[in-house]
Number of protein chains: 2
Amino acid sequence: MKIQNDGNIDFALILAKKGVSKTKFRIHLLELFYNKRSLSVKEVMNKSSNLINKVTIYRALECFEEKGLIHKVPSINNIIRYSLCNSDECIGSLHKHNHGHFICNNCNQTFCLENYKSPDIKDIEGFYINSLNLILEGYCKDCHLN
Amino acid sequence: MKIQNDGNIDFALILAKKGVSKTKFRIHLLELFYNKRSLSVKEVMNKSSNLINKVTIYRALECFEEKGLIHKVPSINNIIRYSLCNSDECIGSLHKHNHGHFICNNCNQTFCLENYKSPDIKDIEGFYINSLNLILEGYCKDCHLN
DNA sequence: AAAATAACGCAATTTTGTTGCGTTTATTTC
DNA sequence: GAAATAAACGCAACAAAATTGCGTTATTTT
């Protein structure tokens, strides 16, 4: 994925293309994901104004997921976590995101590992696969040092 | 993994070898995992006597994980889920479980996919990997039909 | 068997996520 | 561009999931 995060991205336009209402918060939310790629609900809360209600955050994330902007990343911390979709992989609510994700067990940040792909599993007898995730956990550079 | 689930497994002995106290409930819990391989907290509750307190369940699962008997399986439903460790893969709290897991989005059952392995990722610059999980989600045979 | 240690149960609390409904904001239609 | 429609928002209340402290009971060690 090539993200040109040079401050010239028209987030409102991206929302419009995906059929998402262009409210102040949702533009802000999309910007957050373009900056950090992967966020938990808590991180979104911390990075949003205190004036934004948590219900609004949950509903916006749900909407973004349905419209193909972000996808859930599995985790063992029983925390909902989302990552920005690759526009060439995800269309609408059909999410195909075969790159790995690394989750730091200390700071809880999630990192997209573009170079590490999930194996290409097509069909397994008796299982109807909707999503496939390669999840790595441990400590990121910063947390390993401390 | 070869599990000889023929009713002749000495669960108490396994607990003793791992340094886990041999209480009635913990013997029962280990048996559950040998029977089903993968369980959420809720499933453990349902399969245990109503007399067992949920706190006991949480603490026993935590203990089993620390002693290398079971490991957490990531999921997008933010539900804590555990799988039996392969004795040849996991030693103590060092969990290496490179087989995939399939989680049914309807019945929430988890299935170990012994034949589907995670790619063998050793080191990634800046990341210190503790565990690696290959997570598949969708519908199992039973839930797909309904 | 007694002492030490670990597990257990209970109650209370915290954290996380959800639902309903009236109000505000954005989008569509004219 | 204003009115009508639809969607998003905030609030309060609720529900579910997980955690903590502490006194009691069971297990392990000596």
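As a basis for the values below, the full set of heavy atoms in this structure was taken, side chains included, without hydrogen atoms, waters or symmetry mates. Below, read A as the first sequence line, B as the second, and so on, with proteins coming before strands; counting in each chain starts at 1. Every value quoted in this text rests on a predicted model; they were computed, and no experiment measured them.
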So that I can tick it off, tell me whether B:Lys72 and A:Glu137 are bridged by a salt bridge, with the cut-off set at under 4.0 angstrom between side-chain N and carboxylate O. no

Between B:Lys24 and A:Gly19, whichever has its closest DNA chain D nucleotide further toward 5' is A:Gly19

Here the distance between atom C1' of D:dT25 and atom CG of B:Asn53, to the nearest Å, is 14 Å

Rounded to whole Å, the CZ-P distance (A:Phe25 to D:dA8) equals 12 Å

Taken to the nearest whole Å, CE/A:Met45 to P/C:dT15 is 12 Å

I want to know whether A:Phe102 and B:Phe127 have ring centres closer than 6.0 Å.
yes

side-chain contact (heavy atoms from CB on, under 4.5 Å) with A:Phe11: of A:Leu15, A:Leu13, A:Ile9, only one passes, and it is A:Ile9

Between A:Lys42 and C:dT16, is there a contact of a side-chain N or O with OP1 or OP2 at under 4.0 Å?
yes

_Using modelled atom types and a 3.5 Å cut-off, is there a donor and acceptor pairing between side-chain atoms of B:Ser49 and backbone atoms of B:Leu51?_
yes

(Q) Below the 4.0 Å mark, does C:dC8 have OP1 or OP2 next to a side-chain nitrogen or oxygen of B:Arg26? (A) yes

ask   = Given the rule that I, L, V, M, F, W and Y join up when any side-chain heavy atoms are under 4.5 Å apart, are B:Ile79 and B:Val44 in one cluster?
value = no

* Asked: What about B:Arg59, does its side chain sit under 3.5 Å from the base of C:dG9 through a donor-acceptor pair?
  -> yes

Using a cut-off of less than 4.0 Å, is there contact between a side-chain N or O of A:Ser21 and OP1 or OP2 of C:dT25? no

To the nearest angstrom, the CG-C1' distance between A:Leu51 and C:dT23 comes to 17 Å

B:Ile52 CD1 to C:dC10 C1', in whole Å, measures 14 Å

Please determine if a side-chain N or O atom of A:Thr23 lies less than 4.0 Å away from the OP1 or OP2 oxygen of D:dA8.
no

From OH of B:Tyr58 across to P of D:dG21 the rounded distance in Å is 17 Å

Rounded to whole Å, the CD1-P distance (B:Ile79 to C:dT18) equals 11 Å

B:Glu43 CD to D:dA17 C1', in whole Å, measures 15 Å

Winner on side-chain proximity to A:Val55, out of D:dA18, C:dT18, D:dC9, is C:dT18

Worksheet item: Are OP1 or OP2 of D:dA18 and a side-chain N or O of B:Lys54 less than 4.0 angstrom apart?
Response: no

